[in-house]
Structures are given as structure tokens and as C-alpha cells.
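Reviewing the structure listed below.
Naming convention: chains lettered A, B, ... in sequence-line order (proteins, then strands); numbering from 1 in each chain.
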Amino acid sequence: MILVNMDDTADANLIEKLAQRLEASSLSDDDKAFWTYMLAYATPDMAFSMLTYMEEFPEKVQWASDILKRKLDALDTKDSAAWQDILADEDAALREQEIGDNQPAI
Amino acid sequence: MIESPENPSPPARGERTQDEIDPEAEVFAAEALESAADMLDRTREHSTSTRRRKIFHEALATLMLFAAGAATDVEARHHSHDRGRARIIVERQPRRPQPPQYYVERRTVVVERPILVPFTDRLRQHVQERETIQDQAAYDAGVAFRAGAREPIPKPPGYYTAPQQHIYANEYRAAWEEITRKVPPAQQVPTIVSPRRSLTVPPKSVAETTPLRPTLAPEASMSEQEVLGQIRVLAEQAARATIAEGRDYDDRPEAHGFSREQMRIFTTNAKARRDAFGTVYHDLVTGHYQQHRQEKPRPAQDPVVAQPPAQRPETRPAQGPAPAERPQGKGEGGGMIILK
């Protein structure tokens with residue numbers, strides 16, 4: 001199923017779609033609440049990116065959610081070390097992803 | 001305590017009132033935006049990789065922007081790639097109304113609110129200050145290297161605030177690494193390193209406490225004031241020739257047949273000096289035509305000459321803003337901030 005298409009990028013309803021998608025996800029209630037709150041800041045571009053991500057990586061939604069919370073926490077506390085840790089974790093995830101993508105299809 | 005719009009909870013840790021601004025938070029948020037820019041750069045590096053990989057990168061970069069935007073009460077709404085660097089345009093966006101159901105149904109959420117800093121203007125000023133500090137640090141690193149220093153020892157000016165000193169030190173080391181990377185140890189001879197960006201008007205906090213530091217390369221003997229005087233002479237000369245010979249308007253120094261020696265003045269601090277040239281040239285040429293039009297309207301048979309330059313951008317080279325749009329300084333332009 002194709003969740004979004006390019007025409008949707010201009011659609012403010014993307015945020016609503018993202019909200020629905022998050023609500024239907026396997027995230028915990030607390031995480032869903034967190035996203036409900038954070039979507040007040042969302043933009044259609046951000047929603048489009050996240051919708052595409054959720055479509056492609058449904059198993060990594062929790063990870064993305066955790067990363068976002070950690071980033072906000074680091075920003076909140078101005079914790080540079082925590083911020084660097086997050087960047088390192090993202091690097092590791094990116095590398096892992098690249099390795100996975102390079103595996104030959106069975 | 002149940003949080004509701006009618007009964008708001010006390011400010012959470014990190015939350016600030018409208019009047020309270022935390023410079024450290026601004027610095028940190030700007031660094032977060034730069035991290036997002038780095039991530040976007042990496043997304044670009046992967047532009048030829050698989051769709052899945054690009055989606056993954058893009059999502060991470062988006063979350064970075066999202067977090068930084070939410071934390072700074074601005075919307076990092078757009079990014080693009082320009083000359084190999086990711087650029088993020090940050091624009092203040094009215095805060096969306098809080099979903100009311102959050103307060104009713106989601107009150108058990110323990111996630112703290114991000115910092116609320118009402119500060120588009122402050123952020124813009126910060127970005128300007130940051131760029132100036134970066135220029136200063138790069139300049140100082142170049143001077144130290146040329147003077148024979150072999151270790152990066154940043155010496156931030158005393159009038160910098162603590163966060164500014166932190167930025168200066170980081171930029172100094174980065175500039176030093178750039179210099180030493182470009183020049184292998186075996187060939188390291190004193191070299192002049194120009195600032196990576198031209199130093200424009202310093203932030204108020206700096207300008208109020210110190211005179212504008214000359215931005216000439218160390219070997220130049222003229223002060224910046226003298227340089228500006230020379231640029232003005234050249235611009236006047238070009239404007240006179242344009243008017244007298246009925247040439248097309250062109251605010252580029254190279255369009256006026258200056259000698260190589262004369263053109264050398266534009267090789268250091270190029271953008272600021274070319275802008276200074278263009279501004280003087282623009283004012284003189286348009287001023288002349290406006291005055292001339294008031295006194296004696298030009299005949300219509302020569303539309304190229306008769307038309308004020310500012311109204312015929314098609315005669316001007318493609319690069320740079322049209323004369324009437326000449327920027328007045330960094331950071332201006334309808335509330336937009338560009339992190340480079």
C-alpha cells in the first residue's frame with residue numbers, strides 16, 4: 001500500500017494523516033501522547049518525511065520516537081554530551097541500515 | 001496535579017517565560033540546527049544510494065530540524081542544497097494551538113516541554129554574531145599560523161561572552177585544522193589564510209565595545225577605512241564613465257576596465273568590498289538619472305539609457321541581487337535566517 005504520494009506534500013492534511021498513522025502504530029500510549037503533543041509543531045514536510053519513513057521502516061518507529069525524545073531532552077537540558085551520544089547512535093543506525101541494504105536479496 | 005489550559009502547571013524545567021531568554025539555549029539550538037545541516041549534507045552524499053537509505057537519512061535530518069525547531073519556537077521549515085552545503089531556512093511560525101485533548105486525555109505524559117524562546121530576532125542576531133565570531137576565529141588562526149605558531153591556542157577577545165568564547169574556540173580549532181590539512185607538515189610555510197567569510201558589521205554587543213577590526217590580510221598596510229575610500233574612488237570613476245558614455249548599468253567592478261592592480265583590492269574580503277563598490281556605484285548612477293529625469297526627462301528614443309538602472313535588471317548579470325534589492329546586511333530579508 002502506498003501511504004503517500006508526491007501530491008500530498010502540499011497537503012496540510014499530512015499532519016492529520018501522520019497523527020492517525022501514529023495512533024494506529026505499535027507505540028506505547030505515552031509515546032502516542034508525546035507525538036500528539038509534538039504534532040502541534042509539525043509541518044507538512046516533516047509529516048511527509050515521517051509518513052514515508054513509517055511506511056518503509058515500520059519496525060523502527062519506536063526507535064525514531066526515542067531519538068526525537070532524546071533530542072528534545074538534550075536541547076532542554078543543553079546537554080552537549082547527550083547530544084553527541086545521540087549523533088553517535090544515529091551514525092550507528094545509519095551504518096547498520098546501509099549494511100542491511102547492501103545484503104543480497106534472498 | 002492535573003494540567004489543563006485553565007490550570008496550567010508551573011513552568012517545567014527548561015521552560016521560559018516570554019521575557020526570559022537564555023543565550024546559552026540559543027547557542028545550543030543553533031548548534032542543533034547545524035547538526036541538522038550536517039545530516040542533510042550526508043543525505044546529499046547519499047543521493048545516489050538506495051531509496052530506503054535516502055528515506056532513512058531524510059527522516060533523521062527531519063527529526064533533527066523538528067527537534068531544534070520545536071525547542072526554539074521557530075519552524076525550521078525548509079532546506080535545500082546549495083553549492084555543496086545544506087542550507088536551512090528558519091522562519092518564525094505562529095505556534096499552532098495546542099491540541100486540547102492533550103490536556104484532557106494525555107495528562108499523564110511525562111515528557112517535559114521544550115524550551116520556549118520567543119526569539120526570531122534574537123536568533124537572527126545570534127546567527128549574525130556567530131558568523132562574525134567564526135570569521136574572527138578563522139582570521140586569527142590564519143594570522144597565528146603565519147606568525148609561526150604550531151599549536152592551536154585560541155585567544156578569544158575579552159569582550160566575548162562565555163558562549164561566544166566557546167564558539168570562538170571551536171571555530172579557531174576548526175580553522176586551524178583546515179589550514180594544517182591543506183598544508184602538509186613538510187611544506188608548512190607561513191601562509192596567509194583569509195577568513196572563510198567576509199567580516200561584515202559586527203554584532204551590536206561587539207561593536208559597542210570595540211572598533212571594527214580591519215579585515216585586510218596581514219600583509220596589507222591600509223586600514224579598512226582607507227580601503228573603503230579607495231573603493232569609493234573606483235566606484236565614482238565607474239559611475240562617471242557609465243553616465244558619460246551611456247554604458248549599461250553594471251555594478252560589478254570587473255565590468256569597468258580597472259587595471260589588475262586596481263582590481264586587487266577586491267581579492268580580500270571580496271564580498272563585502274564588492275558590495276561596497278556596488279552600493280556606491282548604484283547610488284551615484286541612480287541618483288544621477290533620478291536628478292536628470294526631474295530636471296529634464298530624457299528622450300524616449302533611447303530606452304536603455306533613459307530607463308533608470310534599478311528598473312532594468314535584465315541588463316545586469318544574473319548573479320547577485322538586482323540593484324533595488326541590494327541587501328543591507330546579513331540576516332535581513334523578511335524574517336528569514338540562513339545557516340550556512
>> Would you call the rings of Phe57(A) and Phe56(B) parallel, tilted or perpendicular, taking 30° and 60° as the class edges?
In response: perpendicular
>> Testing the basics here: between Lys71(A) and Leu60(B), what is the closest heavy-atom pair and its distance to 0.1 Å?
In response: NZ-O, 3.6 Å
> Under the side-chain hydrogen bond (donor to acceptor under 3.5 Å, both in side chains) test, which residues partner Gln20(A), sequence neighbours left out?
Replying inline: none
> Of all heavy-atom pairs between Ala59(B) and Ser49(A), which one has the smallest distance, and what is that distance?
Replying inline: CA-OG, 3.5 Å
>> For Ser25(A), give me all partners under side-chain hydrogen bond (donor to acceptor under 3.5 Å, both in side chains), at least two apart in sequence or on another chain.
In response: none
